[in-house]
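In listed order, ligands and their atoms are each counted from 1. Atom set for the values below is all heavy atoms of this structure, side chains included, hydrogens, waters and symmetry mates excluded.
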Amino acid sequence: MTSAPARTSLALPGSTASVEVATEARVPTVRRYLMCEPRYFTVEYVINPWMDPDQPVCTETAVKQWTVLKETYERLGHRVETIAPQPGLPDMVFSANSGTVVDGRVLGARFRAPQRAAEADHFRRWFLDHGYRDVVMPARINEAEGDFTWTGEVLLAGTGFRTDPGAHAEAQEVLGVPVISLQLVDPRYYHLDVALVVLTEATPSSRAEIAYYPEAFSPGTQRVLRRLFPDAVVATEEDAACLGLNAVSDGRNVVLPIEATRLADVLTRRGYEVHLVDIAELRKSGGGPKCCTMELRD
Ligand code: ARG
């Protein structure tokens with residue numbers, strides 16, 4: 001379905017006249033997500049600089065915040081599937097790390113940290129129980145949508161802290177999509193999905209629109225990103241430091257952490273509708289809305 005471009009009325013300075021300019025209407029597309037309730041969420045080990053086991057964590061608050069996130073997606077018309085949380089796997093709430101699904105093909109996960117290793121098989125079984133026939137488990141370290149993001153055209157793939165560069169070639173072969181490797185350099189932004197977000201997917205006639213924090217990437221990768229996405233939203237340290245880039249967009253609605261006010265303003269001015277959620281409890285583990293959300297691209 002296509003809709004007519006929106007028209008915005010602009011006042012002309014020093015005059016009572018105004019002109020009408022066409023601004024592109026942002027069109028949402030319905031998504032299907034896989035989420036895992038943080039019933040057993042804690043911070044009991046340290047595998048990224050956000051995690052501090054001495055800082056108190058309230059599991060009940062995490063569940064409440066996660067529930068609001070899930071209801072936000074449902075209110076926006078998206079379908080949310082859930083997988084049963086498992087005791088002893090406190091990071092299982094971060095479902096984005098456990099699979100990359102493109103055109104119904106699934107590439108599972110292989111975690112770098114032994115503490116998270118068992119999550120991968122629970123998700124593999126979920127896929128098999130839910131009718132996915134094309135499920136491949138990776139041979140290389142692969143933290144799935146933590147480091148892989150689909151632009152509608154290519155798979156952007158992060159490496160540097162978690163996902164092995166060899167997993168990029170594996171993803172290209174298994175999923176049959178072109179992969180572009182991006183080098184992460186700042187340990188606070190250890191996964192691609194805390195440094196870059198796809199706001200609008202590419203179509204046959206338009207490029208994808210993304211937002212990213214340049215300093216999280218190596219100089220060469222920064223040049224690649226400028227070349228591929230000259231119109232990107234360039235995020236600031238302030239946007240990135242509250243995990244503001246760990247956002248979820250359906251092409252019109254962008255769900256992002258409540259602290260990301262500057263980024264929210266920029267997105268609003270670009271015609272997006274922003275939805276702010278409080279996800280502070282999960283940030284104690286280095287996660288935000290996107291980490292809790294695996295997209296099922298069937
Ligand atoms: N504590 C988790 C870890 O370090 C957080 C994962 C966040 N997930 C993400 N997609 N960035 O593995």
Side-chain angles (χ1 to χ4, degrees), residues 33-55 57 59 62 65-66 69 83 85-86 88-101 107-120 122-123 138 141-150 155-164 167 171 182 184 186-198 211-213 216-217 235 239-249 255-257 260 277 279-296:
Y33 298 128
L34 176 57
M35 299 180 72
C36 179
E37 190 193 60
R39 198 179 309 158
Y40 305 106
F41 176 68
T42 58
V43 176
E44 58 194 39
Y45 48 77
V46 179
I47 55 172
N48 71 53
W50 300 82
M51 302 175 85
D52 174 4
D54 295 330
Q55 209 195 336
V57 167
T59 305
Q65 294 176 344
W66 177 90
L69 176 65
I83 178 172
Q86 300 295 323
L89 293 176
D91 274 340
M92 196 170 164
V93 56
F94 302 118
S95 59
N97 296 135
S98 284
T100 307
V101 186
L107 179 58
R110 181 179 288 266
F111 285 89
R112 184 163 294 279
Q115 295 94 328
R116 295 197 67 185
E119 294 176 37
H122 289 289
F123 281 86
I141 301 291
N142 176 326
E143 297 200 359
E145 285 195 321
D147 278 320
F148 289 123
T149 186
W150 177 241
L155 195 65
L156 299 177
T159 188
F161 298 98
R162 300 290 183 86
T163 297
D164 190 291
L182 306 173
L184 294 162
D186 182 335
R188 284 174 306 162
Y189 308 112
Y190 57 95
H191 271 149
L192 182 63
D193 73 355
V194 290
L196 182 151
V197 55
V198 174
Y212 70 103
Y213 176 51
F217 298 94
D239 302 329
C242 61
L243 297 184
L245 290 161
N246 198 247
V248 176
S249 176
V255 178
L256 64 171
V277 291
I279 206 80
E281 217 51 31
L282 294 161
R283 192 168 42 233
K284 293 177 181 170
S285 192
K290 169 60 204 167
C291 302
C292 300
T293 313
M294 180 201 292
E295 186 164 348
L296 301 168

Novice: Consider every N or O of S285 and every N or O of ligand 1, then say whether any pair is closer than 3.5 Å.
Specialist: yes
Novice: Select one of side chain, backbone, both or neither to describe which atoms of M51 lie under 4.0 Å from any atom of ligand 1, heavy atoms only.
Specialist: side chain
Novice: Could you find the nearest protein heavy atom to atom 9 (C) of ligand 1 and give me its residue, atom name and distance?
Specialist: C291 SG, 2.8 Å
Novice: Quick check on contacts: which atoms of ligand 1 are under 4.0 angstrom from a heavy atom of G146?
Specialist: 10 (N)
Novice: Looking only at protein heavy atoms, which one is nearest to atom 10 (N) of ligand 1, and how far off is it?
Specialist: D193 OD2, 2.7 Å
Novice: Out of T293, N97, I47, V93, whose heavy atom sits nearest atom 8 (N) of ligand 1?
Specialist: N97
Novice: With side chains defined as the heavy atoms from C-beta onward, is the minimum distance between L282 and W50 less than 4.5 Å?
Specialist: no
Novice: Test of understanding: given a 4.0 Å heavy-atom threshold, classify the contact between Y190 and ligand 1 as side chain, backbone, both, or neither.
Specialist: side chain
Novice: Nearest to atom 2 (C) of ligand 1, what protein heavy atom do you find, and at what distance?
Specialist: D91 OD2, 3.4 Å
Novice: For S285, enumerate each residue passing the side-chain hydrogen bond (donor to acceptor under 3.5 Å, both in side chains) test, keeping only those at least two apart in sequence or located in another chain.
Specialist: D91
Novice: Can you name the residues that form a side chain to side chain contact (heavy atoms under 4.5 Å, CB included) with A247, not counting sequence neighbours?
Specialist: V197, V254, L256
Novice: Between R162 and ligand 1, find which residue part has any heavy-atom pair under 4.0 Å and reply side chain, backbone, both or neither.
Specialist: side chain
Novice: Between E145 and W150, is the side chain to side chain contact (heavy atoms under 4.5 Å, CB included) condition met? List the steps.
Specialist: CA-CA 9 Å; E145 285 195 321; W150 177 241; over 6 Å; no
Novice: Taking the side chain as every heavy atom from C-beta outward, state whether L245 and Y189 have any pair of such atoms under 4.5 Å apart.
Specialist: no
Novice: Report yes if some heavy atom in the side chain of P38 is under 4.5 Å from a heavy atom in the side chain of T59; otherwise report no.
Specialist: no
Novice: For ligand 1, which atoms have a heavy atom of H191 less than 4.0 angstrom away?
Specialist: 8 (N), 9 (C), 10 (N), 11 (N)
Novice: Tell me: protein heavy atom nearest atom 12 (O) of ligand 1, and distance?
Specialist: R116 NH1, 2.6 Å
Novice: Applying the side chain to side chain donor-acceptor pair (under 3.5 Å) test to E143, which of R112, R116, H191 qualifies?
Specialist: H191
Novice: Are side-chain heavy atoms of S98 and F111 found at a separation under 4.5 Å?
Specialist: yes
Novice: Under 4.0 Å from a heavy atom of F94: give me the atoms of ligand 1 that qualify, with their elements.
Specialist: 2 (C), 5 (C), 6 (C), 7 (C), 8 (N)
